[in-house]
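Take a look at the structure below.
Reminder, nothing fancy here: chain letters follow the sequence lines and each chain counts from 1. Values below: all heavy atoms of this structure, side chains included; hydrogens, waters and symmetry mates excluded.
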Amino acid sequence: MEPPEESGGPAAIGTLSQPARTVVALALAAAAVGVAVHLLMVFLHVAPSNTATKKHGELVGSYIYPEFEQNWKLFAPNPLQQNIHVWARAEVRKDEGGSEVTGWVDLTAMDIAAIRHNVAPSHTEQNQLRRAWSFYAASHGEKDKPIGVRGELSRQYLQRIVEDRFGPRLNGGDVVRLQVRSGTTPVAAPAWSPEKTDTRTTFQVLPWWSSDVADQVDEDEGGEDAS
Amino acid sequence: MSEALNEAAHEAAQGAANGAAREPVPAPGRPAAKAPVPSPFAGALDSAAGGLSRGLARITGTTVGRYQAAVVRIGISLTWLLFLLREWPHRHELYGPDGAWSWDLADRLVAGNHAFTLLLWGRADVWFEVVYTGAILASVMLLLGWRTRTASLLFMIGVLSLQNRSVFVGDGGDNVIHLMAIYLVVTRCGRVWSLDSRRRARGRDGDGAGIALWIVLGLVLAVAQLLGRTGLTWTDGLLPWLGWTPFLWGFLLLQAVWWAVRRYAPGEPRTVLDILANILHAAGLLVIVVEVCLIYSTAGWYKVQGSRWQDGTALYYPLHLDDFSPWPGLSHAMAASGLMVLVITYGTVAVQVAFPFTLFNRRVKNVLLALMMVEHASIAVVLGLPFFSLAMIAADAVFLPTGFLRWAGDRVARLVWRGGGRDAAAGSAGEPEDARPREADDAGDPGDPGDAADAERAKDAPARAVAGPRGPGPDGEPAPSNLVV
């Protein structure tokens with residue numbers, strides 16, 4: 001964008017003094033540059049990985065994060081085609097001595113029950129556990145190995161959610177340890193489609209976590225627990 | 001900017017049409033004298049330059065798209081206000097110091113990503129309550145347009161504080177509100193439909209509250225600065241002077257300058273400041289417009305690559321996701337028809353991909369806009385995402401035509417004031433520009449980029465649209481001398 005011309009320029013600017021016109025011209029130039037830079041950065045952030053972002057990805061990232069982060073791949077490239085439920089169970093120390101392991105509780109099913117026939121579901125029901133699980137899954141590698149700080153944070157977060165929902169006392173005893181598993185059930189193919197989908201649920205079982213200290217990893221005891 | 005483009009296109013089209021009319025009709029039996037075909041580019045450069053200078057005049061001399069900015073302000077602040085009220089019973093669980101995403105977890109994450117949040121300034125429960133309640137009050141302030149510029153800053157701080165405190169409970173709706181909250185700060189979104197504009201129209205001198213607000217903000221910022229609170233940085237790591245500290249102090253400084261100039265230098269300095277505010281506003285509004293286009297482009301172009309969007313079954317799956325079917329009967333009934341699923345699946349992709357390009361044709365753009373708003377309204381109910389949908393509709397509203405917005409605003413004002421025994425027209429008197437001919441308002445506003453019909457009208461508009469030396473708005477507009485920009 002160029003500053004307005006001397007003659008034939010807009011009346012308002014034309015009547016200004018020379019210094020004032022310079023200020024306006026500079027402001028126009030600054031605004032144009034600012035808008036161009038911002039939009040270019042946002043564009044490169046939302047665009048697929050490409051020649052420019054492979055070379056300057058770090059620069060784009062340092063401009064965008066944390067406040068201009070965005071993700072508009074809503075149901076894209078494909079919508080999620082499976083229902084993921086997060087389950088949990090606890091080991092409780094009985095008041096009369098001894099301990100027992102509770103049955104698996106489908107925490108996601110409780111969220112879904114709260115969402116049913118609700119015109120404005122709360123983020124606590126719709127997002128909290130669902131996103132905590134995907135945060136955990138995305139920041140853990142093979143054999144539940146946490147990836148960086150985020151892996152560790154995501155585990156504590158998931159554990160705290162389960163602790164909040166179970167409470168310190170369960171089935172007449174104190175909760176000592178917790179275990180979480182996810183159950184993934186593919187959505188059946190549409191009735192009109194010739195596709196066949198195996199809709200059996202597969203479980204991923206995580207290790208036991210000691211309940212009292214949220215930031216301490218307990219011994220592994222989990223394994224493939226098919227059911 | 002887009003107007004220049006219009007102008008050029010329009011001019012080129014007209015040139016071609018004139019050329020066709022002038023073409024000599026060959027007399028029968030005699031070979032026609034070969035007249036040169038007129039260049040379609042004749043005069044294009046001049047008219048482009050003219051369009052550019054008229055565009056500049058509008059950007060500098062007037063607050064372009066003030067109705068669009070106002071409707072985005074109202075929509076976004078209302079969405080966030082309703083969300084905060086809805087989550088009031090769950091606020092501790094979502095954002096409180098002892099919520100599942102505890103203060104310590106957030107502190108460790110923010111130490112890495114440097115997101116801005118007041119909630120990490122202190123871990124006391126009472127501080128949390130202050131910030132949450134403050135965020136509600138800031139939403140009300142912005143909704144009503146009371147001290148709009150300050151309100152927009154406080155609103156943004158409220159949004160960032162809560163969302164950055166617990167990033168893992170948000171969804172697309174929070175993301176839209178986050179971005180719009182930042183962008184709205186640079187716009188003059190309170191020029192119409194606000195308590196500020198009503199006060200301006202009534203010629204009230206409202207310095208008191210503004211000065212008090214400014215002093216309180218300055219004191220809070222100074223104390224926070226002295227205590228060395230998290231996030232008050234001088235740099236963002238990329239460039240010096242881009243951190244939150246220069247931004248917040250700069251904001252206060254600008255308000256002080258604005259107030260002083262309006263009060264003590266009402267001549268040229270005031271006109272220049274007004275022009276600068278208009279330029280900044282236009283830049284912010286342009287960013288909002290392009291941001292919405294990027295949202296739809298991203299959503300659309302990534303879908304094109306998905307096999308489920310290609311085979312026409314994509315819609316079926318969200319309707320069978322437990323988290324997003326509050327009304328399973330309705331969802332499953334919608335998903336039962338293969339043809340309906342196909343039509344909506346393809347229609348969604350087509351509309352999302354096409355939308356940014358339809359901005360070059362007013363009618364097609366308006367039809368698509370209506371379709372997208374209807375789709376979002378359905379998403380609100382069917383997928384149980386009312387706040388996401390409301391935020392998207394609010395952002396979409398930046399593309400609504402000025403004529404429609406003014407009509408709708410007038411209807412609402414009449415409804416609101418009917419019971420009050422007040423003159424209905426006075427109710428909407430918050431629009432100091434009302435005296436201006438409509439054409440000037442409608443001409444090629446950024447809400448309707450690429451509107452050829454508007455470009456035509458714009459030709460005679462600049463004379464009226466351009467501000468006099470005293471500033472924008474018609475003569476006789478009382479000089480606002482409040483703190484708020």
Subject >> Any side-chain donor near an acceptor of the partner, B:Ser307 and A:Asn78, under 3.5 Å >> reply: yes
Original post:
In terms of heavy-atom proximity below 4.5 Å to chain A, should B:Arg308 be classed as side chain, backbone, both, or neither?
Top reply: both
Original post:
B:Val167 versus chain A, heavy atoms under 4.5 Å apart: side chain, backbone, both or neither?
Top reply: backbone
**OP:** Among the options B:Gly170, B:Ala115, B:Ala299, pick out the one with the most heavy-atom pairs lying under 4.5 Å from chain A.
**Re:** B:Gly170
Subject >> Test item: side-chain donor near acceptor, A:Glu69 and B:Asn175, under 3.5 Å >> reply: no
Original post:
With chain B, which of A:Val23, A:Thr124, A:Val187, A:Ile84 has the greatest number of heavy-atom pairs at distances under 4.5 Å?
Top reply: A:Thr124
Subject >> Choice from B:Val349, B:Asp311, B:Val304, B:Asn113 maximising heavy atom contacts with chain A below 4.5 Å >> reply: B:Asn113
Original post:
With a 4.5 angstrom heavy-atom cut-off, which part of B:Leu179 approaches chain A: side chain, backbone, both or neither?
Top reply: side chain
Subject >> B:Leu280 versus chain A, the contacting section by heavy-atom distance below 4.5 Å >> reply: neither
**OP:** Can you tell which part of A:Arg130 gets under 4.5 Å to a heavy atom of chain B, answering side chain, backbone, both or neither?
**Re:** side chain
**OP:** Please state whether the rings of A:His117 and B:Trp327 are parallel, tilted or perpendicular, taking 30° and 60° as the class boundaries.
**Re:** tilted
Subject >> Aromatic ring pairing A:Trp192/B:Tyr316, orientation class (parallel under 30°, perpendicular over 60°, tilted between) >> reply: perpendicular
Original post:
Does a donor on one side chain and an acceptor on the other come within less than 3.5 Å for B:His320 and A:Asn83?
Top reply: no
Original post:
What part of B:Asp104 gets closer than 4.5 Å to chain A, counting heavy atoms only: side chain, backbone, both or neither?
Top reply: neither
Original post:
Can B:Glu93 and A:Arg160 be counted as an ion pair, charged N to O under 4.0 angstrom?
Top reply: no
Original post:
Which class fits the ring pair B:Phe324 and A:Phe75: parallel under 30°, tilted 30 to 60°, perpendicular over 60°?
Top reply: perpendicular
**OP:** Name the region of B:Leu160, side chain, backbone, both or neither, that has any atom closer than 4.5 Å to a heavy atom of chain A.
**Re:** side chain
Subject >> Largest heavy-atom contact set with chain B, pairs under 4.5 Å, which of A:Ala76, A:Ser134, A:Ser122 >> reply: A:Ser122
